[in-house]
Number of protein chains: 2
Amino acid sequence: MTGNAAPGVSPGVPQRALRADAQRNVGALLEAARAVFATAGVDAPAKEIADLAGVGVGTLYRHFPQRSDLVKAVFQHGVDACADAAPALAAANEPGAALEQWLRQYTVFVGTKRGLAAALHSGDPAYGALPGYFMRRLEPALASLLDAAIAVGEIRAGTSARDLLHAVANLCMPVPDEGPAYSQRMVALLLDGLRFGATSQPPP
Amino acid sequence: MTGNAAPGVSPGVPQRALRADAQRNVGALLEAARAVFATAGVDAPAKEIADLAGVGVGTLYRHFPQRSDLVKAVFQHGVDACADAAPALAAANEPGAALEQWLRQYTVFVGTKRGLAAALHSGDPAYGALPGYFMRRLEPALASLLDAAIAVGEIRAGTSARDLLHAVANLCMPVPDEGPAYSQRMVALLLDGLRFGATSQPPP
DNA sequence: AACTATACGGAAAGACTTTCCGGTTAGCAA
DNA sequence: TTGCTAACCGGAAAGTCTTTCCGTATAGTT
């Protein structure tokens, strides 16, 4: 074997830094894919994404050899953004408000992924690792906000971060003929249910 | 409009009886699709299904104008079979055994639908009505078995049929590199948890 | 037995993904 | 700055799958 000594990078990452134009194109492709997936779903034609990014399909397929690679990259990007937002929100807000804002952002994220959640559970091995990544990154992020809000008494204890992530994701999924506003309303409802002093009467 | 007075049939059902050969072909197609979906997933090529059924693709597309129509038909067939099996099982077995056998059959059904659950939640309006159909048929069927088993004291109360349907479906979904046996084991575990005095004796 | 509405099969058209390759360019060295 | 070359780019072409179309065959009727 050739002695290609690379620093400790994750598998799949090229050993050599990308050329500047290639870096630009990868960024443009990710951004374009995010936009197209959000409006046209994850099954949108590759050409549409390439056009929006201002590159040819050849370029798209060089950086993301399979459609699923692009989908994965966009998904991980979104998960990372959500996870990384938690500390900043916690630093800038009261615990309750931080939690609320984070959930709002998370709801938007999930909402832009119609059809992606389906792909995740499709059994396609290409997506096998994503649910794990999702939980690994998001659960600690939400848990920190949740614990803080519980600690100051704004939110009642007894609901795990994991359950809440799932609940919100499911809440945002099914209903046809409903826009993102619906999801936000339902999630707000759920959050109210977590508060102390919620105004609605609990079921018997 | 032409006065095409048909008896009260559901929309989409042809008013006139199919010719005998056409009826045979529809049956063969449904059976072939069931088999192919179970082994190759719902994204298997239409030609594969047509070949197995011994017909041309033209025939397939005449009876099921879109791929999704075939998927829907197979799914509803399976749901119906599950739902209709409940009374017979209840009549021929002790309540606890009937519940156990029904859950086993349901587990197999869910297991043959890898990728279909994904399609259901894909946001594709073609499948919009299916989750509702699923619950409408299966919840009463399971509820009757569950209630009977609770009534004779074999199963503890406190778990709804709806929750159990969801739980089993989720249990059977994710894990890669695991066969149907895994699902059966997990579901058996879940069922043991519902029993009074669970003994953890492995099933035959 | 003849007739006709209905159904059949498979070729062809369309759409999308993925591969390939000749031309172009960023980054480096002198 | 100039020249060199590895890396990159774009789009045409190939491969795959869905869906349409139409000439031929047949079930059911008179």
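Because only heavy atoms are used, hydrogens play no part in the values below, and waters and symmetry mates are left out as well, while side chains stay in. To find a chain, count down the sequence lines: A is the first, B the second, and so on, and within it residues start at 1.
- Legend: residues meeting side chain to side chain contact (heavy atoms under 4.5 Å, CB included) with A:Gln76, ordered by chain and number and at least two apart, are A:Leu130, A:Tyr133.
- Not counting sequence neighbours, B:Asp43 has no partner by the side chain to side chain donor-acceptor pair (under 3.5 Å) test.
- Here A:Ala28 pairs with A:Ala53 under the side chain to side chain contact (heavy atoms under 4.5 Å, CB included) rule; sequence neighbours left out.
- Per the geometry, CG belonging to A:Leu29 stands 13 Å off C1' belonging to D:dC8, to the nearest Å.
- Annotation: side chain to side chain donor-acceptor pair (under 3.5 Å) contacts of B:Arg162 (sequence neighbours excluded): B:Glu139.
- Partners of A:Glu154 according to the side chain to side chain donor-acceptor pair (under 3.5 Å) rule, which considers only residues two or more places apart in sequence or in another chain, do not exist here.
- B:Phe64 places its CZ atom 11 Å from the P atom of C:dC8, with the value rounded to the nearest Å.
- Remark: nothing in residues 69-77 of chain B comes within less than 4.0 Å of DNA chain D through any heavy atom.
- Summarising the geometry, the separation between CG on B:Asp51 and C1' on C:dG9 is reported as 11 Å, rounded to the nearest angstrom.
- Projected onto DNA chain D by closest heavy-atom contact, B:Arg67 and A:Asn25 fall at different nucleotides, the more 5' of which corresponds to A:Asn25.
- By the ring pair (Phe, Tyr, Trp, His ring centres under 6.0 Å) test, B:Phe37 is found to be paired with no residue, residues two or more places apart in sequence or in another chain being considered.
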Under-3.5 Å N/O pairs linking protein and nucleotides 26-30 of chain D:
unit_1 : atom_1 : unit_2  : atom_2 : d
D:dT26 : O2     : B:Arg19 : NH1    : 3.2
D:dA27 : O4'    : B:Arg19 : NE     : 3.4
D:dG28 : OP1    : B:Ala20 : N      : 3.2

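- B:Arg137 pairs by the side chain to side chain donor-acceptor pair (under 3.5 Å) definition with B:Asp80, B:Asp84, not counting sequence neighbours.
- Note: CD1 (B:Ile49) to C1' (D:dT18) measures 12 Å, nearest angstrom.
- B:Val168 has its side chain out of reach of B:Met186: every pair of non-hydrogen atoms, C-beta onward, lies at least 4.5 Å apart.
- Between B:Phe109 and B:Phe75, the angle of the ring planes lies from 30° to 60°, which puts this pair in the tilted group.
- Both A:Gln66 and B:Gln23 sit near DNA chain C, but only B:Gln23 has its closest nucleotide nearer the 5' end.
- Legend: residues meeting salt bridge (charged side-chain N to carboxylate O under 4.0 Å, His left out) with B:Arg34, ordered by chain and number and at least two apart, are B:Glu31.
- Residue pairs meeting the ring pair (Phe, Tyr, Trp, His ring centres under 6.0 Å) criterion with at least one partner in residues 82-107 of chain A, sequence neighbours excluded, are A:Trp102-A:Tyr106.
- For A:His63 and D:dC8, the shortest distance from a side-chain N or O to OP1 or OP2 is not below 4.0 Å.
- Within residues 52-61 of chain A, the residues approaching DNA chain D are A:Gly54, A:Val55, A:Gly56, A:Val57, A:Gly58, A:Thr59, by heavy-atom distance under 4.0 Å.
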